[in-house]
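Order of listing sets the numbers, starting from 1, for every ligand and every atom in it. These numbers were taken from a predicted model, which means no experiment stands behind them.
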Amino acid sequence: MTEMSQPLPPLPSLLAAMPALPAARRAEFARRYGEQEGVLHQRLSGLYGQQPGFAQWYAGLLAQVGRLAAARPAELQAQDAQRLARPDWFQHQSMLGYCAYADRFGGTLSGVAGRIPHLRELGVRYLHLLPFLRPRAGENDGGFAVASFDDVDPRLGGNADLDALTAQLRAAGISLCSDFILNHVADDHPWAKGARHGDAALRGYFHVFPDRSAPDRYEQTLGQVFPQVAPGNFSHVEEMGGWVWTTFYPYQWDLNYANPAVFAEMAAALLRLANRGIEVFRLDSTAFLWKREGTNCMNQPEAHALLQALRAIVAIAAPGVLLKAEAIVPMRELPAYFGDAAAPECHIAYHSSLMAAGWGALAEQEASLLRAVLARTPGLPPHTSWLSYVRCHDDIGWNVLRAEAGEEGGPEHARARLAAIANFYSGTAGTYADGALPGGAAFQSSDPTAAHGSNGMAASLAGLPAPGPGQLPAQEYVRQKDARQEAALRRVLLLHGLALSAGALPVLYMGDELAQRNDDSYRARPEHAMDSRWLQRPVFDEHAFAQRHDPSTPAGVAYGGLRALLAARTRLDALAAGAPRSVLASAPAVLALARGPRFLALFNFSGTAQQHTLPQPGVHAAPPGIPGEWRDSLTGQARSGVVELAPWAMLWLEAAP
Ligand code: GLC
């Protein structure tokens with residue numbers, strides 16, 4: 001059947017969307033709606049169907065989607081068509097992400113545009129700029145307390161600068177990813193302000209309780225995200241005459257998705273941003289969207305229904321756009337964020353278990369946590385990808401690994417094991433790692449066996465020494481420093497090698513490519529001093545950047561090593577996100593990660609040399625009887641038999657042609 005002859009679904013709700021669309025786009029819109037209708041209508045009627053006026057609300061939602069589809073610029077429509085023709089574009093082994101705070105990376109949005117040559121030199125094709133919309137006045141959780149979804153933070157520029165940046169990035173082949181903070185808004189967002197001033201409709205956008213009885217019941221099963229700096233999940237707000245649900249900081253008010261108006265507002269906000277050229281949305285704190293008494297109010301089925309409905313709306317109005325789940329949850333909860341072929345959800349999800357297990361393996365000097373994580377990592381639906389990373393702006397959360405850490409020894413063992421890893425990175429344990437726990441070591445006093453997150457830049461956590469001589473005599477310092485520096489940089493590259501070969505979209509964290517160290521300056525800033533995540537939010541180091549091609553500097557070693565890995569990765573089909581992955585037997589300290597029969601990565605997580613006996617490569621592909629040989633993907637050197645891995649070294653091996 002040709003498109004022209006396709007009948008329009010006779011739904012009145014679809015007709016509501018039509019007037020906004022030019023005649024030439026109606027058939028395509030109707031076709032996309034027809035594809036999505038099953039999921040969209042079913043999920044939304046499941047969530048809101050019992051509410052009076054649902055049919056009218058649904059028609060209103062579609063009218064809004066129609067208007068926003070109509071407003072989509074032609075250039076973005078063309079890009080949608082390209083993406084639809086190649087829905088696996090982001091799974092290619094040349095895809096590389098980079099994550100930065102706009103102000104710390106470029107000062108302003110136009111300053112970020114000035115960094116495009118650096119991104120291109122690295123081969124970046126996906127830039128995640130941490131929140132850049134207008135945040136709350138005062139403390140704002142690094143922009144995660146949003147006061148307007150429609151305005152750029154004036155300190156970073158205006159909306160015209162955002163439009164210019166998306167256009168410049170697009171021209172450079174780089175997709176802009178923005179946070180979409182959909183779990184909460186700032187307490188000075190117009191919705192919160194209206195609610196404070198007595199607007200009953202806006203009060204209904206939030207979870208408000210007149211007294212402590214419901215909050216106390218919920219608290220019995222809720223966790224706490226910031227137990228020291230923002231204890232509890234509810235904040236008393238005088239003008240609201242009660243308690244407001246605030247999972248994160250008291251100034252971040254959770255939205256009430258049981259109210260359909262909230263869903264409609266947020267869907268529209270997302271599409272308006274998509275129409276500005278944002279190509280990927282990092283759906284912040286997705287796990288928390290739905291509340292249910294008696295649970296931890298995370299990963300609820302309704303949260304998935306909401307995300308599936310949002311995905312359907314994106315597929316109708318901006319189908320080239322990707323959704324990325326920021327759900328920092330145990331592996332068993334993660335696959336649901338991809339949905340399935342019948343009801344897709346997010347295209348990408350952070351693999352935080354893999355990230356944390358890499359650091360865990362370094363601390364334990366053996367790779368069993370990683371092996372356990374990889375064994376539990378399921379295959380994914382088509383056209384989806386994990387996101388791999390070494391560090392990000394948040395702490396490393398160890399508790400996602402409880403199941404893996406307790407595989408032998410049970411839950412108590414797991415708690416002690418993860419607490420020991422957290423302690424390793426606390427900066428106070430006499431290890432090489434220079435890090436911190438959120439809120440400092442006293443944070444743990446209420447539960448000495450619980451493992452809270454760890455903070456620090458990758459290079460510092462990996463032990464890169466500070467430039468100054470400290471207490472040691474200068475000569476001795478230089479000797480020790482060189483050895484420590486070399487080991488630290490190997491560890492930094494080891495973890496990057498894992499992120500780049502694991503079968504995911506890897507995202508570098510700003511500064512890690514230059515081995516930037518911790519930034520202590522936050523301690524002097526009253527608005528940041530209590531949140532040690534600022535340790536890993538430094539300003540881009542121009543000096544290190546200038547040294548990036550000088551192999552006698554830490555920046556040069558990190559940058560050169562990373563670029564060599566990236567160049568190899570780009571030519572290796574076996575490293576595409578969806579290509580097969582398996583773990584081969586090896587020494588306890590070694591992870592032997594095979595990607596199909598013709599690629600093998602070996603990682604030594606310990607400080608002692610290790611051996612690994614290479615299998616014959618390409619056993620399925622090589623002609624029978626001809627022994628194959630491996631080739632080092634970075635140096636081209638032939639390898640076979642037993643290979644030796646220096647402390648913290650890695651080898652990438654491909655089957656020789
Ligand atoms: C996400 C962000 C984190 C923020 C939180 C609340 O977890 O990554 O930085 O504090 O959401 O918005």
K.L.:
Does R537 pair with D103 as a salt bridge, N-O distance under 4.0 Å?
P.N.:
no

K.L.:
What do you reckon, does F226 put a non-hydrogen atom under 4.0 Å from ligand 1?
P.N.:
yes

K.L.:
Could you list which atoms of ligand 1 come closer than 4.0 Å to a heavy atom of H184?
P.N.:
6 (C), 12 (O)

K.L.:
Is the Lys NZ or Arg CZ of R115 less than 6.0 Å from the centre of F105's six-membered ring, within 45° of the axis?
P.N.:
yes

K.L.:
Among D163, D150, D161, which residue satisfies the salt bridge (charged side-chain N to carboxylate O under 4.0 Å, His left out) criterion with R276?
P.N.:
D163

K.L.:
Can you pull out the closest protein heavy atom to atom 9 (O) of ligand 1? Residue, atom name and distance to 0.1 Å, please.
P.N.:
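Residue, atom and distance for the closest contact: D394 OD1, 2.7 Å.
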
K.L.:
Could you list the atoms of ligand 1 found under 4.0 angstrom from a heavy atom of R533?
P.N.:
3 (C), 4 (C), 9 (O), 10 (O)

K.L.:
Begin from the C-alpha positions of H184 and F248 and carry the test ring pair (Phe, Tyr, Trp, His ring centres under 6.0 Å) through to its verdict.
P.N.:
CA-CA 9 Å; H184 43 262; F248 294 88; 5.1 Å; yes

K.L.:
Show me which atoms of ligand 1 lie under 4.0 Å from any heavy atom of H393.
P.N.:
2 (C), 3 (C), 8 (O), 9 (O)

K.L.:
Show me which atoms of ligand 1 lie under 4.0 Å from any heavy atom of E326.
P.N.:
1 (C), 7 (O), 8 (O)

K.L.:
Within a distance under 4.0 Å of any heavy atom of R282, pick out the atoms of ligand 1 and give their elements.
P.N.:
2 (C), 8 (O)

K.L.:
Could you measure the distance from the CG atom of L310 to the OG1 atom of T286? Nearest 0.5 Å is fine.
P.N.:
11.0 Å

K.L.:
Mind checking whether S285 has a heavy atom under 4.0 Å from ligand 1?
P.N.:
yes

K.L.:
Using the benzene-type ring in the case of Trp, are the ring centres of Y509 and Y389 under 6.0 Å apart?
P.N.:
no

K.L.:
Nearest protein heavy-atom contact for atom 1 (C) of ligand 1: which residue, which atom, what distance?
P.N.:
D284 OD1, 2.8 Å

K.L.:
Over all heavy atoms of both residues, which pair between E326 and D394 is shortest? Give the atoms and the distance, please.
P.N.:
OE2-OD2, 4.1 Å

K.L.:
State if D141 counts as touching ligand 1 under the rule of any non-hydrogen atom under 4.0 Å.
P.N.:
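Contact present.
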
